[in-house]
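Worksheet for the structure shown next.
Sequence lines set the chain letters: A, B, ... in the order given, protein chains first and strands last, and positions in each chain run from 1.
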Amino acid sequence: MPAEEKDEEALRSLDFIRQIVADDVAAGKHGGRVQTRFPPEPNGYLHIGHAKSICLNFGIAREFGGLCNLRFDDTNPVVEEEEYVKAIQEDIRWLGFDWDDRLFYASDYFETLHGYAVDLIRQGKAYVDSQSPEEIRETRGSLTRPGTPSPFRDRTVEENLDLFARMREGKMEEGSCVLRAKIDMASPNMNLRDPVLYRIKKATHHRTGDTWCIYPTYDFAHGYSDSIEGITHSLCTLEFENHRPLYDWLLQQLPIHQPRQIEFARLNLTHTVMSKRKLLELVKDGHVSGWDDPRLPTLRGMRRRGYPPEALRRFCEIIGVTKFDGVTDIALLEHVIREQLNEETPRRLAVLDPLKVILTNYPEGEHEELECINNPQNPDAGTRKVPFSRELYIERSDFLEAPPKKFFRLAPGREVRLRYAYFITCQNVVKDSSGNVVALECTYDPATRGGDAPDGRKVKGTIHWVDATASVEAEVRLFEHLFAAEKPEEVPDGGDWKDNLNPASLVVRHGCRLEPSLADLAAGERVQFERLGYFTPDPVDSRPDRLVFLRTVALKDKWARMQKKGGRG
RNA sequence: AACCCGGUGGUGUAAUCGGUAACACAAGAGGUUUUGGUCCUCUCGUUCCAGGUUCAAGUCCUGGCCGGGUUACCA
């Protein structure tokens with residue numbers, strides 16, 4: 001009733017699918033009921049593209065007071081496995097969605113589906129074709145040439161019934177015959193040229209075992225499964241657009257619940273690949289460590305990398321739903337990850353490439369604890385004590401012997417602030433015999449404890465540090481885009497998409513030094529290493545005695561950008 | 001080549017279903033700052049083209065152009 005509330009509601013525009021659903025609800029279609037489904041085939045792991053579909057389907061159900069089912073589309077036993085069924089459920093739960101007791105399988109409906117096929121045969125709408133797969137392909141015609149009818153197209157209902165029964169009984173060889181819909185061999189839509197409805201596969205199904213040797217095709221099973229479950233809006237990606245006439249035709253032949261299929265554009269991201277086939281190839285060929293490699297766009301990879309599920313949901317919300325087949329900049333994903341992590345992540349000090357600093361005027365054998373703010377974004381996060389003494393480590397990249405113009409960090413004779421600690425001045429550069437910088441001798445100003453100078457003097461730079469002895473060692477893995485090219489699939493002729501793999505997508509740093517509190521971070525916890533990015537202990541490889549951290553995403557780095565720009569001229 | 005679907009700044013979306021282009025990201029410039037982070041300000045579009053309907057078109061019509069999908073007993 002409040003006007004402002006109404007305005008706010010009006011401001012939130014509905015995507016074209018939600019608009020359709022809203023209209024249907026308003027019109028009282030299906031009694032105002034809304035039911036969707038997420039229908040993965042259990043033959044691979046879920047990726048961020050699936051997340052878009054999951055958020056859409058579960059999101060719409062929730063927004064319209066409806067339900068969303070999880071249904072495994074397991075109609076092809078030769079490629080599907082139980083292993084994926086479990087993994088997919090895990091991933092969806094992690095993303096934050098729940099299907100309650102509505103976990104279904106297309107294979108649950110095999111008997112009903114078979115009955116529907118028999119109904120179609122009885123109506124003269126389907127027939128058993130005894131042509132070979134090659135013959136079927138050839139007589140289907142082409143995009144420009146109509147197909148020609150099968151010589152078996154006009155078999156009698158009785159004959160078809162008998163043949164189909166024998167198919168089910170296993171008396172026919174694989175490939176010797178199929179059940180086809182009798183629609184229109186001259187249709188400009190290839191899907192309507194007597195599509196195959198059932199084929200013989202003498203394979204063991206992960207759920208039905210050897211009960212069946214004939215299996216329905218996707219087109220046959222999908223719409224009918226939707227109907228059986230009372231789905232009102234069946235959402236799928238654009239490549240099924242041409243299947244919709246078949247979806248509708250199949251449904252309309254029987255006096256059953258009629259769902260509506262609506263197609264939307266799948267998600268494409270820059271600097272990565274999304275197809276199951278390509279992902280599989282990367283895993284199989286060892287370009288990545290597995291399906292949960294943190295560089296992959298798989299949900300497992302992202303979970304391991306420390307991406308918060310809330311951010312993924314937010315991302316799916318931002319990208320919207322349309323019929324335009326575009327490519328989303330992966331920078332948008334990274335942005336929502338940072339946005340989320342910036343709010344909720346405790347800050348910590350860590351040095352990835354340690355350079356020793358000796359405070360020559362700091363008393364030997366002495367140490368102290370300095371108070372550091374946990375999260376400037378959130379005062380409630382409080383503070384913590386971090387050990388400090390005469391010998392420290394700073395980031396090697398925070399020191400330059402001959403600093404360029406805009407370099408604000410440490411250099412000979414220059415003063416900087418150690419975050420939450422003291423101002424220090426570099427007095428001497430210690431080098432080994434081959435001229436490498438091995439340590440810095442600095443003086444600190446005791447009056448600047450905490451990081452402020454009582455005399456009001458300023459420093460240009462603040463750098464992070466860690467105590468040399470009271471710190472723990474760790475391995476840290478840094479990631480960049482898996483592919484250097486924005487669109488890895490676009491390759492010059494003769495080239496391979498894998499040529500675009502980024503050789504620097506994984507950089508492993510050994511001998512990193514972390515503030516002691518990081519030693520007992522629990523798996524799944526996320527922190528910000530100040531000035532470096534957001535990190536999480538690797539749930540796979542990190543052990544109490546051998547810490548491994550993964551960088552979820554780097555902080556934005558203006559300095560790096562300036563350097564890059566300058567370097568290019 | 002036939003059919004289907006699309007086309008709004010660099011990218012992704014929006015525009016109260018004809019009323020005078022908005023948001024986010026990216027990029028660039030500047031400000032604040034004990035993270036070169038965050039935050040704040042500013043810059044970046046003849047809505048693919050050409051006609052037409054209309055007082056009024058990103059929205060409707062026609063024709064082009066460009067892009068995607070489709071010729072598995074895969075999904």
With rounding to the closest Å, how many angstrom separate the P atoms on B:U11 and B:C49?
15 Å

Who are the ring-ring contact (aromatic ring centres under 6.0 Å, His included) partners of A:Phe388, not counting sequence neighbours?
A:Tyr362, A:Tyr422, A:Trp465

Judged by whether its glycosidic angle lies within 90° of 0, B:A72 is syn

Kindly say whether A:Ala381 contributes a backbone atom to a donor-acceptor pair with the side chain of A:Asn374 at under 3.5 angstrom?
yes

Classify the nucleic acid contact of A:Gly320 as base, sugar-phosphate or nothing, counting any heavy atom under 4.0 Å across all strands shown.
nothing

Can you tabulate the close N/O pairs, meaning under 3.5 Å, that link protein atoms to atoms of nucleotides 17-26 of chain B?
{"residue": "B:C25", "atom": "OP1", "partner": "A:His335", "partner atom": "NE2", "Å": "3.3"}

Expressed as a whole number of Å, how far does the C1' atom of B:G67 sit from that of B:C73?
32 Å

OP1 or OP2 of B:U13 under 4.0 Å from side-chain N/O of A:Thr322:
yes

Can you tell me the distance, in whole Å, between the CG atom of A:Leu14 and the P atom of B:A15?
9 Å

Which value, in whole Å, describes the distance between the P atoms of nucleotides B:A56 and B:U20?
15 Å

Can you check the distance between B:C23 and B:C44, where both ends of the measurement are the C1' atom (answer in whole Å)?
15 Å

For the pair made of CZ in A:Arg531 and P in B:G37, what is the distance, rounded to whole Å?
11 Å

Cation-pi geometry met for A:Arg37 and A:Phe104 (6.0 Å, 45°)
no

Report the residues that fulfil ring-ring contact (aromatic ring centres under 6.0 Å, His included) with A:Phe240, sequence neighbours left out, ordered by chain and then residue number.
A:Tyr218, A:His243

Which residue pairs satisfy the salt bridge (Lys or Arg N to Asp or Glu O under 4.0 Å) criterion with at least one member in residues 178-194 of chain A, sequence neighbours excluded?
A:Asp129-A:Arg180, A:Arg153-A:Asp194, A:Asp154-A:Lys182

What residues form a salt bridge (Lys or Arg N to Asp or Glu O under 4.0 Å) with A:Lys276, not counting sequence neighbours?
none

Contacts of A:Tyr420 meeting ring-ring contact (aromatic ring centres under 6.0 Å, His included) (sequence neighbours excluded), chain-then-number -> none

Rounding to the closest angstrom, what is the interatomic distance between B:G7 and B:A50 at atom C1'?
16 Å

Using whole Å, report how far CZ of A:Arg551 lies from C1' of B:G37.
13 Å

How does protein contact run along nucleotides 67-75 of chain B, one letter per nucleotide 5' to 3', with B for base contact, S for sugar-phosphate only, - for none, heavy atoms under 4.0 Å?
-SBBBSBSB

Between B:A15 and B:C48, how far apart are the P atoms? Round to whole Å, please.
16 Å

A:Ser13 has a side chain; which of B:G37, B:G12, B:A14 sits nearest to it?
B:A14

Listed by chain and number, what are the side chain to side chain donor-acceptor pair (under 3.5 Å) partners of A:Glu82, not counting sequence neighbours?
A:His206

Rounded distance in Å between the C1' positions of B:U41 and B:C55:
39 Å

Atom CZ of A:Arg18 and atom P of B:U13 are separated, to the nearest Å, by 14 Å

Presence of salt bridge, A:Lys284 and A:Glu281, under 4.0 angstrom
no

Using centres under 5.5 Å plus planes under 30 degrees as the test, is A:Phe408 stacked with B:G36?
yes

Atom CD of A:Glu343 to atom P of B:C39: distance rounded to whole Å?
8 Å

Could you pull out all residues at least two apart from A:Asp73 that satisfy salt bridge (Lys or Arg N to Asp or Glu O under 4.0 Å)?
none

Measure the distance from NE2 on A:His464 to P on B:U35 and round it to the nearest whole Å.
13 Å

To the nearest angstrom, the NZ-P distance between A:Lys558 and B:U33 comes to 14 Å

Exam field: side chain A:Thr448 to backbone A:Asp445, donor-acceptor pair closer than 3.5 Å
yes

Which residues pass the side chain to side chain donor-acceptor pair (under 3.5 Å) test with A:Thr204, not counting sequence neighbours?
A:Asp210

Applying the Watson-Crick and G-U criteria (both distances under 3.5 angstrom) with [ ] for crossing and | for other-strand pairs, one obtains for RNA chain B .((((((..((((.....[..)))).(((((.......)))))....(((((..]....))))))))))).....

By ring-ring contact (aromatic ring centres under 6.0 Å, His included) - contacts of A:Phe549 (at least two apart)
A:Phe529

Gap in Å between the two C1' atoms, one belonging to B:U43 and one to B:C5, rounded:
36 Å

With sugar-phosphate meaning primed atoms plus P, OP1 and OP2, does A:Phe407 contact a base, only sugar-phosphate, or nothing at under 4.0 Å between heavy atoms?
base

Taking CD from A:Gln377 and P from B:U38, how many angstroms apart are they, rounded to a whole number?
9 Å

